[in-house]
Structure formats: C-alpha cells, structure tokens
Amino acid sequence: MEQKPRLFSKDDFLSRLRAIKATRWVRFSIVCLVYILWVIWMGNPWLLLVLPLLFDIYITSYIPLTWWKSSKSKVTRTVMSWVDAIVYALVLVYFIFAFVGQNYKIPSSSLEKTLLIGDYLWVNKAVYGPRVPQTPIHFPLAQHTLPVTDSKSYSDIIQLPYHRLPGVRSVERYDIVVFNAPCADTVALKMQEPDYYHIVDMLEAEGVPDGRAYIAAHPEQFGEVVWRPVDRRENFVKRTIGLPGDRIKIVDDIIYINGKPLTEPKYVQHNYVVPVSSPVSSEQWKGSGVSLVDAGTAPQTAPGIDYQFYNVPLTSESLAKVKKFPQVSGEIVRLSKLTTPLTQGIFPVGEGLGWELRNMPEFWIPKQGATLHLTPQNLPVYRRAIETYEGNKVALRDGKIYINGEPTEYYTFKLDYYWMMGDNRDNSSDSRFWGFVPEDHIVGTPMTVLVSFDNEETFPGNIRWNRMFRTPNPDK
C-alpha cells in the first residue's frame with residue numbers, strides 16, 4: 001500500500017524552505033525585525049510567541065491562509081483578494097492609530113483662535129508614549145459607535161490594565177493635548193450634552209431627590225445609560241494649564257500657578273459686550289478675526305438695556321481692532337463683569353462647594369506617588385480621582401474618611417493628573433466643569449494641521465490653504 005507523505009515531515013519542511021524565493025526571505029526578515037523592535041518597546045516578551053506564526057505566514061505556509069488563490073472560481077479569487085487587502089489595511093491602520101498617531105477633527109470653538117472649527121489635525125501618540133490599547137477588540141475607524149448601524153464599535157470582553165510605552169517627553173505646560181473626556185465614562189445615549197454628571201446635578205438642583213434614579217426611570221427621555229472604557233470615550237482637545245503637583249487658583253479669570261499669575265497664550269479669548277449704534281458687517285468681523293458663528297448676523301437686545309450689542313469672544317488683538325469700528329457706541333466691557341458668577345455645574349460637580357467659573361480657591365493637582373492629607377473639607381475635590389479614576393471605595397461617616405472600608409487621613413495617588421482649559425475661556429467645557437484629567441486618559445498632542453475647512457464658505461473657497469501643514473500650537 002502506498003503511504004501518503006506526512007504533512008510535517010522533515011523532507012516536506014526542507015522542500016518548503018527551498019521553494020521560497022530570496023525576496024520573500026527579505027520581506028520576512030524586515031517584518032521580524034520590526035516586530036521584535038515593537039516587542040522590545042512593548043516590554044512584553046510573551047509577544048515573541050507570535051514569531052512562529054509569522055514564520056508560517058511568510059515561509060512554510062502550513063496554515064492555508066491563502067487557500068483562495070488556488071480556487072477554480074474566479075468570483076472566489078476576486079472576492080477573497082479584496083477581503084485579504086481590506087484585512088491587511090485594517091490591521092495596519094489599527095497599529096498606526098494605536099501606537100503612532102491618528103487624525104482628529106476640531107468640532108467646537110473651545111480652542112479658537114489657536115485651533116479653528118474644521119481643522120483636521122494629525123495627533124502624535126508617540127510623543128508622550130502611546131497607550132497600549134485597553135480595549136483591544138475594536139473597529140479602528142470608529143471611536144465608540146459604528147455609523148449607519150449606530151451600534152458599539154468595540155467589545156469590552158477584554159479589558160487590559162493601563163500601560164503607557166516609553167515616549168519622547170512628558171506633558172508640558174501650554175501643550176495642546178487630545179485626551180479621553182473624564183466625564184464621558186457614563187453616558188445617557190439620548191442626551192449626551194451636557195454630560196451625565198451635569199444632568200444629574202441639574203436635576204437635583206431642580207429638586208429631584210435622586211438624579212441617577214430619575215434618569216434610569218425615564219429611558220424615553222434620556223435613553224439607555226451605558227458605561228464606556230477609558231480609551232473608547234469621546235476625545236477632547238484642550239491646553240495644559242496645571243501640571244501634577246502644581247497649586248492652582250483662579251481670581252477674576254486670572255489663573256495663578258504656585259502663587260504666580262500665568263502668562264496667557266497669544267490667542268486666549270474672553271467674551272466682550274460690544275455696544276453698537278448699527279449692525280457690523282460680516283467683512284468687518286472677518287477683518288478683525290471674528291467668525292460669523294461667534295458674532296451672529298445681527299446685534300442683540302436685552303430687557304432693561306437701552307442699546308444694541310454684540311456678545312463676542314475676542315483676543316487682545318481682535319479687541320483692539322473692534323474698538324476702532326465706527327459703529328461702536330460705548331465702552332466695550334468683559335462679559336464676566338456684567339453677569340452673575342456661574343456656580344451651577346462647576347467642579348467639583350455635585351459636592352456643594354459653590355465654586356465659581358471665574359473664581360476658584362487654591363487647590364493642589366494630584367501627582368503620582370505624592371501623599372495628600374485628606375480632610376472632610378478637601379475630600380470633595382479629590383473624591384472622584386480616588387474613587388473613579390483609581391478604583392477605590394470612599395465613604396465619609398461621622399467626620400471620618402474611609403477608603404476601602406479602612407479609616408484613614410492620608411492617600412497616595414497612583415496617577416499623575418492635569419488641569420486642562422480651552423483658549424476660548426467663556427465658551428469652553430474644560431477642567432473648570434469636570435476637574436482633573438488623569439494620565440491614563442491622555443491620547444497625544446497635535447503635530448500639524450493636515451487640512452482646514454471653513455463652514456461659513458462653500459467649496460472650494462472653504463479650504464483654508466494658509467493653515468495646511470501649520471503648527472497647531474504657535475505658543476509652544
């Protein structure tokens with residue numbers, strides 16, 4: 001009886017090696033070198049167990065991954081060739097987006113005029129060290145929701161602990177940083193603005209005894225309440241104002257770091273009330289660097305005020321230009337000087353401290369390895385960091401603080417934290433509303449503006465050619 005050759009025989013193995021062309025050996029060597037360097041960067045030698053699989057894919061081909069190439073069906077070969085190309089492309093995109101960088105669109109005016117609505121940025125994830133994906137099973141082109149189907153773009157079956165690979169440097173003051181929104185861990189799907197915690201705070205301020213229970217009991221209004229992993233939360237982009245270990249306070253919109261007033265970046269804006277005798281043209285606004293979205297098409301009126309006015313965010317440069325408008329009929333005044341201080345929804349949300357948007361008492365920004373003396377008075381400032389970001393159970397009973405059931409007066413932080421703010425100070429949801437940004441939420445920093453589109457213009461006039469490939473942070 002004739003014996004069939006064994007699949008894994010020595011002769012079969014050697015014959016497969018002899019059949020491989022030199023160019024394929026070169027490709028395999030390059031792939032192996034890149035993969036080994038990546039494993040060294042990851043610091044996880046267990047990943048070397050993938051090398052035999054790479055050897056089979058490129059050299060021996062015992063696993064019939066390319067079975068379709070020998071199919072007699074032209075349709076099968078055509079379809080599978082497209083599937084093969086798409087899978088390779090998605091794997092490549094996955095690794096680039098996870099460990100190198102990613103494009104990001106500016107959706108709001110919180111960093112105007114530094115970054116404009118319609119800017120598309122390339123965000124460098126390697127500069128601070130890329131995070132190892134905490135939710136590794138996800139579709140690489142969607143943050144948390146798939147288009148069309150409106151379903152989850154990830155699976156949270158596997159959740160890896162936070163780990164950041166070595167980077168070029170740490171976060172510095174004035175850096176513009178992209179990060180996962182700290183307030184977006186819990187989301188009411190039908191009402192995502194304001195965020196869940198501010199909705200709870202608003203409901204309870206209106207007399208609802210338990211805001212969370214009310215939201216859960218009214219899915220027709222708020223939708224399903226879901227939890228999202230850190231790396232699947234919405235991306236925010238803000239400027240770094242406070243670093244770990246800093247002491248920060250805000251007095252009449254002036255930020256003090258460690259007792260000294262902070263020098264504001266060039267493009268910081270504040271809202272001003274501009275009294276006018278007649279409408280200002282769109283050309284005048286644009287000439288002064290103010291968008292029509294900010295200025296509006298016509299002046300406003302208000303009860304008890306006998307003049308027309310515009311409420312616009314202005315840089316110091318724009319303010320100087322607006323003052324020269326012939327329509328200006330009185331003193332231009334900072335909006336914050338004319339309005340009641342905002343206390344509703346200000347950090348720390350729901351803790352009843354009554355802090356104001358433009359006035360905050362001095363407090364300390366947590367630093368990894370630093371120990372804080374906890375008191376019932378300062379616990380509201382740090383409770384979310386200790387409880388939500390660092391995974392402890394915190395309780396206050398009879399004037400004593402309990403962490404994980406043990407009474408204590410001290411806590412040592414596991415992570416570094418940052419204080420982030422927008423340059424458009426009166427039109428930015430930032431740390432003044434939701435507090436500290438933990439280091440495990442940080443994604444990267446924008447390196448260049450890829451392209452920019454002006455929503456107030458039509459194609460091709462909407463392309464801002466002067467912004468292409470420019471630095472997104474001229475203050476650094």
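Since this is a predicted model, take the numbers as computed values, not measurements.
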query = For the residue pair Gly422 and Lys238, what are the closest heavy atoms and their distance?
reply = N-CD, 4.1 Å

task = Could you walk me through whether Glu390 and Lys414 pass salt bridge (charged side-chain N to carboxylate O under 4.0 Å, His left out), step by step?
result = CA-CA 7 Å; Glu390 304 204 354; Lys414 303 172 188 176; 5.2 Å; no

ask   = Could you state the interatomic distance from CG (Asp150) to CG (Leu146), rounded to the nearest 0.5 Å?
value = 9.0 Å

ask   = So does Glu193 have more than 12 non-hydrogen atoms from other groups sitting under 6.0 Å from CD?
value = no

key: Side-chain heavy-atom pair Asn378, Trp364 within 4.5 angstrom cut-off   = no

inquiry  = Could you go through Ile57 and Val31, starting from their C-alpha distance and side-chain angles, then the distance that decides it, and tell me whether this counts as side-chain contact (heavy atoms from CB on, under 4.5 Å)?
reply    = CA-CA 11 Å; Ile57 291 173; Val31 170; over 6 Å; no

query = Where is the tightest heavy-atom contact between Gln269 and Pro313, given as atom of each residue plus distance?
reply = OE1-O, 3.3 Å

key: Full working for salt bridge (charged side-chain N to carboxylate O under 4.0 Å, His left out) between Arg169 and Asp175   = CA-CA 12 Å; Arg169 62 177 178 85; Asp175 276 1; 2.8 Å; yes

Under 3.5 Å: donor-acceptor pair, side chain of Tyr35, backbone of Leu47 = yes

ask   = Step by step, would you call Ile255 with Ile248 a side-chain contact (heavy atoms from CB on, under 4.5 Å)?
value = CA-CA 7 Å; Ile255 302 167; Ile248 183 171; 4.1 Å; yes

task = To the nearest 0.5 Å, tell me how far Leu121 CG sits from Leu450 CG.
result = 7.0 Å

ask   = Backbone N or O of Leu335 within a donor-acceptor pair of the Thr339 side chain at under 3.5 Å?
value = yes

key: Verdict with supporting geometry, Asp210 and Arg212, salt bridge (charged side-chain N to carboxylate O under 4.0 Å, His left out)   = CA-CA 6 Å; Asp210 187 338; Arg212 294 170 186 260; 5.8 Å; no

ask   = Any idea which heavy atoms bring Pro194 and Met202 closest together, and the distance?
value = CG-SD, 3.8 Å

ask   = Between the main-chain N or O of Ile403 and the side-chain N or O of Asn392, is there a donor-acceptor pair closer than 3.5 Å?
value = no

inquiry  = side-chain contact (heavy atoms from CB on, under 4.5 Å) for Gln143 and Tyr154? Distances and angles first, verdict last.
reply    = CA-CA 8 Å; Gln143 180 62 14; Tyr154 63 92; over 6 Å; no

query = Distance from Phe99 atom CZ to Tyr94 atom OH, nearest 0.5 Å?
reply = 6.5 Å

key: Test item: side-chain donor near acceptor, His198 and Asp201, under 3.5 Å   = no

message = Could you check whether atom NZ of Lys286 has more than 12 heavy atoms from other residues, nucleotides or ligands sitting under 6.0 Å from it?
response = yes

key: Test item: side-chain donor near acceptor, Tyr128 and Glu439, under 3.5 Å   = no

inquiry  = Quick one: does any side-chain atom of Lys125 pair with a main-chain N or O of Phe97 as donor and acceptor, under 3.5 Å?
reply    = yes

message = Side chains of Asp454 and Asn462: any donor to acceptor distance under 3.5 Å?
response = no

message = Any non-hydrogen side-chain atom of Leu160 less than 4.5 Å from a side-chain atom of Pro136?
response = yes

ask   = For the ring-ring contact (aromatic ring centres under 6.0 Å, His included) test, which of Tyr256, Tyr417, Trp355 pairs with Phe363?
value = Trp355

ask   = Thr445 and Asn124: side-chain donor and acceptor closer than 3.5 Å?
value = no

inquiry  = Would you say that more than 12 heavy atoms from the other residues, nucleotides or ligands in this model lie under 6.0 Å from the CD of Gln159, or not?
reply    = yes

task = Consider only side-chain N and O atoms of Thr388 and Asp185, and report whether a donor and an acceptor are under 3.5 Å apart.
result = no

message = Do Tyr214 and Gln221 make a side-chain contact, defined as non-hydrogen atoms from C-beta onward lying under 4.5 Å apart?
response = yes

inquiry  = Any donor-acceptor pair under 3.5 Å linking the side-chain atoms of Asp231 with those of Thr135?
reply    = yes

inquiry  = Does any part of the side chain of Arg425, heavy atoms only, come nearer than 4.5 Å to the side chain of Glu264, both counted from C-beta?
reply    = yes

ask   = Counting only heavy atoms not in Leu37, do more than 12 sit closer than 6.0 Å to its CG atom?
value = yes

inquiry  = side-chain contact (heavy atoms from CB on, under 4.5 Å), that's the test. Do Lys152 and Val226 meet it? Break it down for me.
reply    = CA-CA 11 Å; Lys152 281 170 54 176; Val226 300; over 6 Å; no

ask   = Considering only heavy atoms from C-beta outward, does the side chain of Tyr272 approach that of Lys337 to under 4.5 Å?
value = no

Closest contact, heavy atoms only, Cys32 versus Leu51 = SG-CD2, 4.0 Å

task = Would you indicate whether Lys367, at its atom NZ, is surrounded by more than 12 heavy atoms from other residues, nucleotides or ligands within a distance under 6.0 Å?
result = no

query = Below 4.5 Å, heavy atoms only, C-beta onward: do Arg397 and Tyr402 meet side chain to side chain?
reply = yes

note = In this structure, CG of Asn271 is separated from CG of Asn427 (nearest 0.5 Å) by 4.5 Å

query = Roughly how far, to the nearest 0.5 Å, is OG of Ser170 from CG of Leu243?
reply = 8.0 Å

note = From the list Phe347, Phe413, Tyr389, ring-ring contact (aromatic ring centres under 6.0 Å, His included) with Phe436 holds only for Phe347

key: No-hydrogen, no-angle side-chain donor-acceptor test under 3.5 Å, Tyr174 and Arg239   = no

inquiry  = Determine whether a donor-acceptor pair (N or O, by modelled atom type, separation under 3.5 Å) exists between the side chain of Asn44 and the backbone of Trp46.
reply    = yes

Exercise: identify the closest heavy-atom pair between Ser336 and Asp253 = OG-OD2, 3.2 Å

Pairwise side-chain contact, Val178 with Gln102, heavy-atom cut-off 4.5 Å (strictly under) = no

query = Does Met447 CE have over 12 foreign heavy atoms under 6.0 Å away?
reply = no

message = For a quick check under 3.5 Å, do Ser81 and Trp68 share a side-chain donor-acceptor pair by atom type?
response = no

request  = Might you point out which heavy atoms bring Met360 and Glu356 nearest each other, and give the distance in Å?
outcome  = CG-O, 3.5 Å

inquiry  = Strictly distance-based, threshold 3.5 Å: is any side-chain N or O of Arg233 a donor or acceptor partner for the main-chain N or O of Arg228?
reply    = yes

task = Report yes or no: does Asp56 contribute a side-chain atom to a donor-acceptor pair with the main-chain N or O of Ile63 at less than 3.5 Å?
result = yes

request  = Measure the spacing between CZ of Arg173 and OG1 of Thr240 and express it to the nearest 0.5 Å.
outcome  = 9.5 Å

ask   = Would a 4.5 Å heavy-atom cut-off, applied to side chains only, mark Asn180 and Asn235 as touching?
value = yes

